[in-house]
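Here is the naming used below: chain letters follow the sequence lines, and residue numbers restart at 1 for every chain. The model shown is predicted, which means the values in this text are computed figures rather than measured ones.
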Amino acid sequence: MMKTNDNTLPEYNPHLIEPEIQKLWETNKSFEVTEDTTKEKDYCLSMFPYPSGKLHMGHVRNYTITDAISRFKRMNGKNVLHPIGWDSFGLPAENASMQNKKPPSEWTHTNIAYMKEQLKQMGFSYDWKRELATCTSDYYKWEQWFFIQMYKKNLVYRKNSIVNWDPVDKTVLANEQVIDGRGWRSNAIVERREIPQWFLRITNYAKEILEDTDTLNWPDEVKQMQKNWIGQSKGTEIIFIVENLDYKIKVFTTRPDTLFGATFIAIATEHPLVKYANQENINDFIEETKKTAINEAAIETLEKKGVFSGLYAIHPLSGDKIPIWIANFVLIEYGTGAIMSVPAHDERDHAFALKYNLPIVQVIKPKDNSNIDISSEAFTQKGILINSCTSDKYNNVSFDDMNFNEASDAINSLLIDNNLGAVKTNYRLRDWGVSRQRYWGCPIPMINCEQCGCIPEDEKNLPVLLPIDNINLDNGSPLKTMKEFYETNCHICKSKAIRETDTFDTFFESSWYFARYCSYDADVMLDDRVSYWMPVDQYVGGIEHAILHLLYSRFFQKAMADILPYTIDSLKEHILPREPFTSLLTQGMVLQGGVKMSKSKGNTVDPQELIDKYGADTVRLFTMFAAPPTISLEWSNTGVEGAYRFLKRFWRLATNHIKNVSLKNNNSTNIVHSKLNSKQKNIRNKIHSTLAKVIDDYNRRFTFNTVIAALMELTNALNKFEISDDIDTYIYDEGIKIIILSLSPITPHISSKLWEMMGNNPDITFIDFPVVDTEALEVDQLEIIVQVNGKLRAKILVTKDLEDDELKSTALENQNVKKFVTSTPKKIIIVKNKLVNIVV
RNA sequence: GCCUGGGUGGUGAAAUUGGUAGACACACAGGACUUAAAAUCCUGUGGGAUUUAACUCCCGUGCCGGUUCGAUUCCGGCUCCAGGCACCA
């Protein structure tokens with residue numbers, strides 16, 4: 001019999017199998033792809049890693065997911081592009097460099113080499129010929145080029161913007177380097193400093209990005225987050241004139257109906273009007289405000305403070321004099337940097353007015369005329385106007401008794417007619433500041449010429465190479481002191497010029513790498529191969545990228561679609577997609593002891609130990625089994641043993657089967673389902689219902705944990721299945737093969753080896769995925785749940801599609817059901833082939 | 001503070017469209033095999049009640065309330081945790 005233990009069988013040894021199978025893939029070039037118009041393309045992509053040193057569990061999780069999807073799709077006849085690369089510019093390399101005195105370039109390339117080896121050990125099915133690293137000039141040359149194209153299209157501009165300034169180290173700090181308002185190295189209190197920086201006009205695309213969001217097959221929460229981030233609001237821009245100054249303050253409000261309740265104006269400390277302020281304590285206030293961090297979370301949780309500027313604005317319609325305050329909660333970067341404050345109808349303004357004893361004037365009353373006490377609490381709902389009447393200048397027009405819509409329209413019209421305002425759509429989204437005062441990034445290809453001013457570098461001179469030798473980072477970015485880097489000549493007038501020493505935000509690199517994979521070796525930014533592969537069909541990455549990276553990439557894709565067909569010859573006849581990622585799977589965070597496994601903080605678990613001990617298949621299996629991809633997961637090693645045990649158990653089951661049966665006579669086409677006995681029908685039902693579930697989970701749900709659970713159940717069922725004749729053996733063989741192939745996207749090495757041992761070619765990359773025998777899914781008898789008043793009281797076995805009346809009487813005959821049906825049932829609810837609920 | 005998720009046994013989780021709560025594992029306990037250990041296999045395992053036992057019953061999906069014949073699932077309120085908040089990537 002088959003299931004006796006036989007110690008002559010080869011043991012499961014991943015350390016022998018895995019390198020052997022990986023070698024085979026390499027020899028066969030199994031995962032290299034080219035454009036093949038006869039096959040349906042499928043572009044499956046993981047967010048590329050930052051080469052922090054070694055793989056962590058978050059990487060393993062992310063890359064196993066796309067690997068499983070890629071492998072599944074290849075087995076379904078798709079031409080699958082599955083590339084990988086390195087997001088290799090960024091802050092951690094500079095920090096590491098300061099610690100260990102190795103140049104960032106060397107540190108980065110060492111890390112890439114090590115991590116590449118790890119990825120290969122994991123058996124991920126990448127097309128390695130497309131590998132790219134963003135820190136190489138082959139890559140960043142093209143983003144310098146594209147930046148110049150965007151400059152030509154007026155998508156680039158320069159303006160002053162605020163950064164964190166460490167007054168001791170005399171460097172700009174990233175938000176992450178500011179800890180409780182102090183520089184992480186110097187411990188000095190961080191200041192705000194305004195410096196000129198380059199911006200991309202992402203707001204030009206705000207409307208399109210917003211509107212296209214609904215076309216994406218992305219998680220609803222990500223779409224909602226992006227919509228809220230873009231934050232479209234329709235409202236009114238209103239002009240207040242400053243008394244005794246020829247100065248107009250613009251404010252934006254979504255509640256023009258509350259205009260007559262505006263009792264003061266609040267402006268940001270960086271607002272240009274501040275220089276006219278004439279109160280003594282203002283400088284102290286500004287100095288204090290300068291010492292708060294620049295991130296929104298810090299500003300929003302700050303105690304709301306302000307100071308009177310000594311200036312007054314004239315209310316545009318009432319003509320009243322209202323004070324102008326400088327406030328720490330108004331952001332210069334957001335909107336116009338000034339707001340009209342209506343304490344009666346806005347909570348923040350209300351609190352501020354109470355604190356500084358400013359007037360609170362009610363101009364809205366509830367629709368139902370209920371009593372409200374405006375002195376204790378703001379009334380923020382829309383209602384009916386009161387106390388809203390213009391001055392003589394505008395003929396004492398009253399807006400009282402109007403509702404929100406009527407009042408807004410009437411007030412807007414009056415403002416527009418008198419050039420005091422405009423109806424406007426505002427976005428919360430701000431233009432993208434791409435300048436970084438750092439070394440390890442792509443140089444911004446701009447020069448400052450004494451004669452010609454600030455202009456782009458000549459495209460012929462690209463790339464502007466980042467120097468990588470003799471780098472010392474102790475005093476901030478070395479580019480700022482390297483004459484050989486920044487001294488240059490203007491390519492137009494040949495006079496002396498100074499090169500821009502800032503580098504790009506690293507989100508710049510990650511906003512188009514997905515397109516470069518298609519044209520990995522092109523001598524232009526992109527070529528017509530992108531029109532075959534793009535857009536990415538399935539993108540997978542961490543939920544922490546739900547907004548920034550994914551939004552910037554959408555902007556870039558739209559900008560590329562607008563620019564490249566007019567600038568690159570091979571793209572002239574092409575229409576590029578306007579969205580980069582058709583479907584998105586956001587992977588949950590991998591936590592360690594409840595802490596985010598940050599790429600830059602180094603508190604990572606090294607999966608290498610697990611690979612060394614159990615092999616890649618076990619690590620892949622466990623990572624997928626531990627949880628569905630979307631939820632965050634606190635990593636723990638418990639359970640890896642279980643995954644390993646399962647593989648060993650399945651290996652034994654399969655190898656026993658291989659050894660004990662003659663493969664030649666073993667043919668599942670000998671199975672005629674209708675002629676099987678009930679034991680055989682049952683196990684075939686289990687085999688094929690499992691397969692159906694597996695296919696659905698791979699295809700639609702991406703819940704690999706339930707794929708594995710179902711296959712474990714099937715393995716347990718086969719283990720219990722007693723073989724007594726040839727037909728049993730055929731069915732058993734069918735089950736084993738289905739498990740091997742169903743597992744193969746997740747555990748490709750063991751599957752390949754077992755497949756080979758069953759007499760087949762071990763390269764299963766393009767084997768057809770098994771097909772469900774729908775006949776095997778049919779059953780004669782079903783278990784029906786019987787409830788009384790919604791509580792489970794019995795399970796009854798009945799024939800399929802039993803008539804309702806018969807089902808009712810069968811249910812009511814059940815002894816346990818009888819105990820609870822003490823009176824005539826009021827109602828009996830039947831869910832066909834599933835449930836009976838008797839209501840008494 | 002704002003935006004977006006989430007909370008189910010000792011642990012990771014399952015329950016896919018409102019219909020059996022806890023599949024599949026981990027851990028633990030007991031047993032088999034072994035001189036012993038490892039490995040492997042078998043049994044049990046949410047809490048409680050009852051019973052020789054089988055069965056059966058009550059409670060239970062963060063908290064409070066609602067809708068429904070029926071709620072882990074839908075709605076309202078709260079609470080705690082996580083992600084993001086524009087210079088970490």
What class does the angle between the rings of A:Phe556 and A:Phe508 fall in, given that below 30° is parallel, 30 to 60° is tilted and above 60° is perpendicular?
-> perpendicular

Per atom distances to the A:Asn705 side chain, the nearest of B:C57, B:G19, B:A13 is B:A13

Assigned glycosidic conformation for B:G7 [threshold 90° from 0] = anti

Identify which nucleotide among B:C24, B:C3, B:A86 has an atom closest to any side-chain atom of A:Asn228, counting heavy atoms from C-beta outward.
-> B:C3

Mind checking A:Thr706 for me? I need base, sugar-phosphate or nothing, with any heavy atom below 4.0 Å counting as a touch.
-> sugar-phosphate

For A:Val163, report the nucleic acid contact type (base, sugar-phosphate, nothing); a contact means any heavy atom under 4.0 Å.
-> base

Any Lys/Arg nitrogen of A:Lys355 or A:Glu303 sitting under 4.0 Å from an Asp/Glu carboxylate oxygen of the other?
-> yes

Report yes if at least one side-chain N or O of A:Arg701 is closer than 4.0 Å to OP1 or OP2 of B:A14; otherwise report no.
-> no

Sugar-phosphate, base or nothing in reach of A:Ala626, heavy atoms under 4.0 Å | sugar-phosphate

Which part of the nucleic acid, if any, lies within contact of A:Trp229, taking any heavy atom under 4.0 Å across all strands shown: a base, the sugar-phosphate backbone alone, or nothing?
-> base

Could you tell me whether A:Arg700 contacts a base, only the sugar-phosphate backbone, or nothing, with contacts defined as non-hydrogen atoms closer than 4.0 Å?
-> base

For residues A:Asn228 and A:Gln224, is any side-chain donor paired with an opposing acceptor at under 3.5 Å?
-> yes

Quantified in whole Å, what is the P atom distance between nucleotide B:G30 and nucleotide B:U52?
-> 26 Å

Have A:Arg436 and A:Ser477 got a donor and an acceptor in their side chains that come within less than 3.5 Å?
-> no

Rounded distance in Å between the P positions of B:U11 and B:C63 = 15 Å

Got a sec: does the NZ of A:Lys159 have more than 12 other heavy atoms crowding it under 6.0 Å?
-> yes

If you measure from the P atom in B:C75 to the same atom in B:U4, how many Å do you get, rounded?
-> 14 Å

Only one of A:Leu173, A:Ile294, A:Asn295 passes side-chain contact (heavy atoms from CB on, under 4.5 Å) with A:Val178, and that residue is A:Leu173

So, A:Tyr513 versus A:Trp86, ring centres under 6.0 angstrom or not?
-> no

Shortest side-chain distance from A:Arg645, nucleotide among B:A27, B:C24, B:U4 = B:A27

Donor on one side chain, acceptor on other, A:Trp198 and A:Glu500, under 3.5 Å = yes

Residues 787-796 of chain A side chain polar contacts: donor-acceptor under 3.5 Å, at least two apart:
from, atom 1, to, atom 2, distance (Å)
A:Asn789, OD1, A:Val840, N, 3.0

Per atom distances to the A:Met589 side chain, the nearest of B:G83, B:A86, B:A13 is B:G83

Reckon A:Gln197 touches a base, only the sugar-phosphate, or nothing at all at heavy-atom distances under 4.0 Å?
-> base

A:Phe507 side chain: which of B:A25, B:A86, B:A89 is closest?
-> B:A89

From B:A25, B:A21, B:C88, pick the nucleotide closest to the side chain of A:Ala174?
-> B:C88

Which whole number of Å gives the distance between the P atom of B:G9 and that of B:U72?
-> 14 Å

Per ring-ring contact (aromatic ring centres under 6.0 Å, His included), A:Tyr552 is matched among A:Phe514, A:Trp512, A:Trp432, A:Phe504 by A:Trp432

Output the single nucleotide from B:C24, B:A89, B:U40 whose closest atom is nearest the side chain of A:Lys648.
-> B:U40

Minimum-distance nucleotide (side-chain atoms of A:Pro92 versus B:U16, B:A89, B:C57) = B:A89

When you measure from the side chain of A:Leu429, which nucleotide among B:C3, B:A86, B:C59 comes out closest?
-> B:A86

Counting any heavy atom closer than 4.0 Å, what does A:Gln787 reach on the DNA or RNA strands: base, sugar-phosphate only, or nothing?
-> base

Could you summarise the pairing of RNA chain B as dot-bracket text, marking Watson-Crick and G-U pairs under 3.5 Å with ( ) or [ ] inside the strand and | across strands?
-> (((((((..(((......[....))).(((((.......))))).((((......))))..(((((..]....))))))))))))....

Is the closest side-chain donor-acceptor distance between A:Ser233 and A:Asn426 under 3.5 Å?
-> no

Check RNA chain B against residues 833-840 of chain A and give the residues with a non-hydrogen atom under 4.0 Å, in numerical order.
-> A:Lys834, A:Leu835, A:Asn837, A:Val839

For atom C1', what is the distance between B:G83 and B:A29, given to the nearest Å?
-> 40 Å

For A:Leu91, which contact category applies under a 4.0 Å heavy-atom criterion: base, sugar-phosphate, or nothing?
-> sugar-phosphate

Using atom C1' of each nucleotide, how far apart are B:U67 and B:U16 to the nearest Å?
-> 23 Å

In terms of side-chain heavy atoms of A:Ile785, which of B:A86, B:U4, B:U20 is nearest?
-> B:U20

Does atom CG of A:Asp180 have more than 12 heavy-atom neighbours, drawn from other residues, nucleotides or ligands, at distances under 6.0 Å?
-> no

For nucleotides B:C33 and B:C28, find the distance between their P atoms and express it as a whole number of Å.
-> 22 Å

Quote, to the nearest angstrom, the P distance that separates B:U35 from B:A25.
-> 31 Å

